[in-house]
2 protein chains.
Amino acid sequence: MNTTIKDIAKLAGVAKSTVSRYLNGGHVSEQTKAKIRKVVEETKYEPNSFAQSLKAKKTNFIGVIAPTLDSYVTSTVLMAIDEELRKRDYTTLIISTSKHVDREIESLISLSRQKVDGIILIATGVTEKHIETINSIQIPVLIVAQEVGHVTCIINDDYQAGFKMGQYVAQKGHRAVAYIGVAESDIAVGQRRKQGIMEGLKSAGVSDVKTFVSQFDLQDAARVTQEVLEESSLTAIICATDTIAFGAMKTITKLGKKVPKDFSIAGFGGYNISGVIHPALTTIRFKNEETGVMAAETIIKLTNGEEVPNLQVSGFDFIEGESVKSVKS
Amino acid sequence: MNTTIKDIAKLAGVAKSTVSRYLNGGHVSEQTKAKIRKVVEETKYEPNSFAQSLKAKKTNFIGVIAPTLDSYVTSTVLMAIDEELRKRDYTTLIISTSKHVDREIESLISLSRQKVDGIILIATGVTEKHIETINSIQIPVLIVAQEVGHVTCIINDDYQAGFKMGQYVAQKGHRAVAYIGVAESDIAVGQRRKQGIMEGLKSAGVSDVKTFVSQFDLQDAARVTQEVLEESSLTAIICATDTIAFGAMKTITKLGKKVPKDFSIAGFGGYNISGVIHPALTTIRFKNEETGVMAAETIIKLTNGEEVPNLQVSGFDFIEGESVKSVKS
DNA sequence: TACAGAAATGGAACCGGTTCCGTTTCCGTT
DNA sequence: AACGGAAACGGAACCGGTTCCATTTCTGTA
């Protein structure tokens with residue numbers, strides 16, 4: 001049987017209210033403190049946090065809903081969130097939905113039953129149903145990685161990142177450029193990033209860009225790349241993610257061509273592994289740690305009813321690898 | 001304000017005990033059911049699970065302590081655990097320790113205060129202090145990935161996997177083989193796997209193997225590989241993990257040598273990325289999903305006081321890539 | 001030395017559920 | 001019509017804490 005505050009009180013010969021005060025730093029005489037301390041140590045008493053939050057109306061839990069755990073971006077953000085929340089005495093409750101969108105809704109509801117103080121939703125897409133559920137549970141929700149009206153959001157600066165990359169590739173002298181992107185249902189990557197790239201290229205004089213659409217996985221990217229390579233005279237391929245870039249490199253290598261000699265390749269992500277691949281991939285590393293910290297800070301503010309900006313933008317670094325070469329123009 | 005069972009009772013004109021019975025499938029007349037149902041729907045009532053578990057003495061939470069979230073192995077196991085636990089109506093509480101061993105101890109205690117029903121510890125090393133803490137909290141604990149006496153454990157079949165790989169490399173005709181391992185404080189990888197490899201090699205006639213020790217990260221592996229290559233006449237390097245293998249490949253490539261032409265390389269892990277690298281890495285893929293499911297099943301049995309074997313072993317697949325070539329003997 | 005205000009403490013109510021117990025109502029059986 | 005058992009339901013206690021309130025005991029100051 002677990003020891004309770006009542007047991008401690010009895011053993012120390014005081015009222016349980018006194019024990020509670022002792023534990024929470026209220027007014028207790030040194031003498032009494034000593035008695036209680038002794039009993040607490042002997043019994044290895046640990047307060048029941050459920051009972052505590054029942055009265056406190058505050059659980060110090062923050063729920064985080066993630067589409068998956070096995071992606072570099074998600075896990076980095078998750079680690080940063082967890083780290084920051086821990087510092088502030090919150091417990092992170094991570095729920096993975098295995099990319100089932102339905103489960104995001106379910107999780108929102110189940111977390112609300114757990115009475116978490118706030119929820120961070122790392123999103124890949126946000127539907128009407130999401131918004132509806134978010135409004136129906138009366139708990140603050142923060143959306144990460146996608147932008148939605150009337151909900152607090154943190155996003156990557158996909159437009160600027162795209163612009164930077166587009167400009168870079170164009171300035172390297174490439175004129176025949178292809179883009180392998182993802183479905184437009186993904187506002188952040190499918191739309192904003194693409195738009196940035198296009199305008200970045202344009203700003204440096206490249207306006208005719210062939211675009212293709214791939215899934216997020218390597219296999220599909222490798223497949224799509226075959227189509228891409230049918231375009232003649234191409235010198236550079238910009239890929240929406242590093243994984244897609246790896247897929248492209250795989251296909252190119254398989255065809256006996258070389259990066260960057262025959263084709264220049266660029267990606268977005270900055271995974272650790274990018275440095276292993278030879279040649280090192282030129283890419284954009286989003287500041288995932290910054291995003292995580294920001295998310296933790298923001299959700300805490302929200303639970304305290306403080307004002308926070310409706311949209312916050314997290315930065316990025318440009319990583320110059322060896323996968324994009326200069327061409328004479 | 002949140003609606004409580006008391007509000008529902010008042011609105012429906014019944015006692016709260018009746019509402020509770022309605023919610024839990026007790027005897028309630030159809031007429032009353034209808035009344036309550038109506039109120040519950042209108043108010044979007046969600047029971048407070050803290051209050052429930054306070055009385056029930058069961059939270060249906062399982063805590064999982066992981067050293068990090070951003071490793072392929074950990075996240076795969078985690079996903080599988082989560083998936084399986086959800087199926088059985090448990091909520092997974094994931095805690096990442098960012099590789100701070102102290103925090104594993106802290107987390108064990110903090111989880112015990114949350115009154116989780118059981119704890120799964122994905123371990124990289126288990127100290128006396130761990131054992132002590134595990135014994136002091138009165139909650140079942142399952143250790144994954146390391147073997148410890150008197151505690152229920154699930155491990156990979158590191159010995160057999162190593163044996164298989166050692167045998168394979170030797171049978172490919174390699175006689176001058178080096179091994180890049182990890183510290184022996186890691187029983188599973190540092191000792192068992194190594195032992196398997198050595199005996200596998202020996203079984204096929206190779207008994208003189210130079211061994212080296214690296215950290216788990218790529219950079220250190222790349223550094224260690226430089227030393228390794230100072231050995232003359234080497235034809236194959238077996239690496240304790242895929243990451244180490246990537247580091248080795250990086251160094252080899254940097255020196256203008258080729259895999260597998262100049263050196264054959266093998267790893268352990270079977271990360272998704274292994275297929276991208278050219279040449280594809282010959283490796284062992286441990287059945288992480290199987291491990292996760294097993295872990296979930298086992299911890300549930302433990303919380304129910306059922307008997308479980310003290311040690312369970314999870315299997316692996318041998319993945320033949322292109323990174324180990326045949327040499328004429 | 002008297003007295004006000006703070007400190008110390010116990011008792012009881014409360015948080016939001018579940019469950020036990022006892023009473024009333026309903027139904028079927030003889 | 002009388003009776004017994006099950007169904008239906010309300011009231012109260014309980015889970016393990018926190019907190020309010022009232023009472024007693026110290027303090028320090030006039």
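Both backbone and side-chain heavy atoms feed into the values below; hydrogens, waters and symmetry mates do not. Fair warning: this is a prediction, and the values are worked out from it, not measured in the lab. First the proteins, then the strands, lettered A, B, ... as listed; each starts at 1.
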Members of residues 107-118 of chain B that approach DNA chain D, where some heavy atom sits under 4.0 Å away: none
Along DNA chain D (nearest heavy atom to each residue), the more 5'-positioned of A:A51 and B:A15: B:A15
Of B:Q31 and A:E46, the one whose closest DNA chain D nucleotide lies more 5': B:Q31
Contact list for residues 108-124 of chain A, test salt bridge (Lys or Arg N to Asp or Glu O under 4.0 Å), sequence neighbours left out: A:K58-A:D117, A:R113-B:E46
Under 4.0 Å protein heavy-atom contact, by nucleotide of nucleotides 19-28 of chain C - B base, S sugar-phosphate only: BB--------
Can you tell me the distance, in whole Å, between the [atom1] atom of [X] and the [atom2] atom of [N]?
X: A:K57; N: C:dC14; atom1: NZ; atom2: P; answer: 13 Å
X: B:K33; N: D:dA8; atom1: NZ; atom2: P; answer: 8 Å
X: A:L54; N: C:dG17; atom1: CG; atom2: P; answer: 9 Å
X: A:N48; N: D:dG17; atom1: CG; atom2: P; answer: 5 Å
X: A:Q52; N: C:dC15; atom1: CD; atom2: C1'; answer: 13 Å
X: B:F50; N: C:dT18; atom1: CZ; atom2: C1'; answer: 17 Å
X: B:D7; N: C:dC15; atom1: CG; atom2: C1'; answer: 13 Å
X: A:E30; N: C:dT9; atom1: CD; atom2: P; answer: 10 Å

Stepwise side-chain contact (heavy atoms from CB on, under 4.5 Å) check, B:N48 with B:T4: CA-CA 8 Å; B:N48 181 327; B:T4 72; over 6 Å; no
Pair A:T97-A:H100, side-chain donor/acceptor within less than 3.5 Å: no
Salt-bridge criterion met for A:E84 and A:R88 (N-O under 4.0 Å): yes
NZ/NE/NH1/NH2 to OD/OE distance under 4.0 Å, A:K33 and A:E30: yes
Nearest non-hydrogen partners of A:P67 and A:I122, listed with the distance: CD-O, 3.3 Å
Any B:L78 side-chain heavy atom under 4.5 Å of A:I94 side chain: no
Min side-chain heavy-atom separation A:T152-A:L302 under 4.5 Å: yes
Sugar-phosphate only, base, or nothing, as touched by B:Y45 at under 4.0 Å among non-hydrogen atoms: sugar-phosphate
From CA spacing to verdict: side-chain contact (heavy atoms from CB on, under 4.5 Å), B:F216, B:D186: CA-CA 11 Å; B:F216 277 93; B:D186 184 325; 3.7 Å; yes
Ring pair (Phe, Tyr, Trp, His ring centres under 6.0 Å) against A:F50, all qualifying residues, sequence neighbours excluded: B:F50
Degree of bending in the helix from C:dT1-D:dA30 to C:dT30-D:dA1 once both end axes are built from five pairs, to 10°: 40°
Spacing of B:E104 atom CD and B:K129 atom NZ [to the nearest 0.5 Å]: 12.0 Å
Phosphate OP1/OP2 of D:dC9 contacted by B:T32 side-chain N/O (<4.0 Å): yes
Nucleotide nearest A:I5 when distance is taken to its side chain, options D:dG10, D:dA8, D:dG17: D:dG17
Pairs touching residues 298-312 of chain A that satisfy side chain to side chain donor-acceptor pair (under 3.5 Å), sequence neighbours left out: A:T298-A:Q312
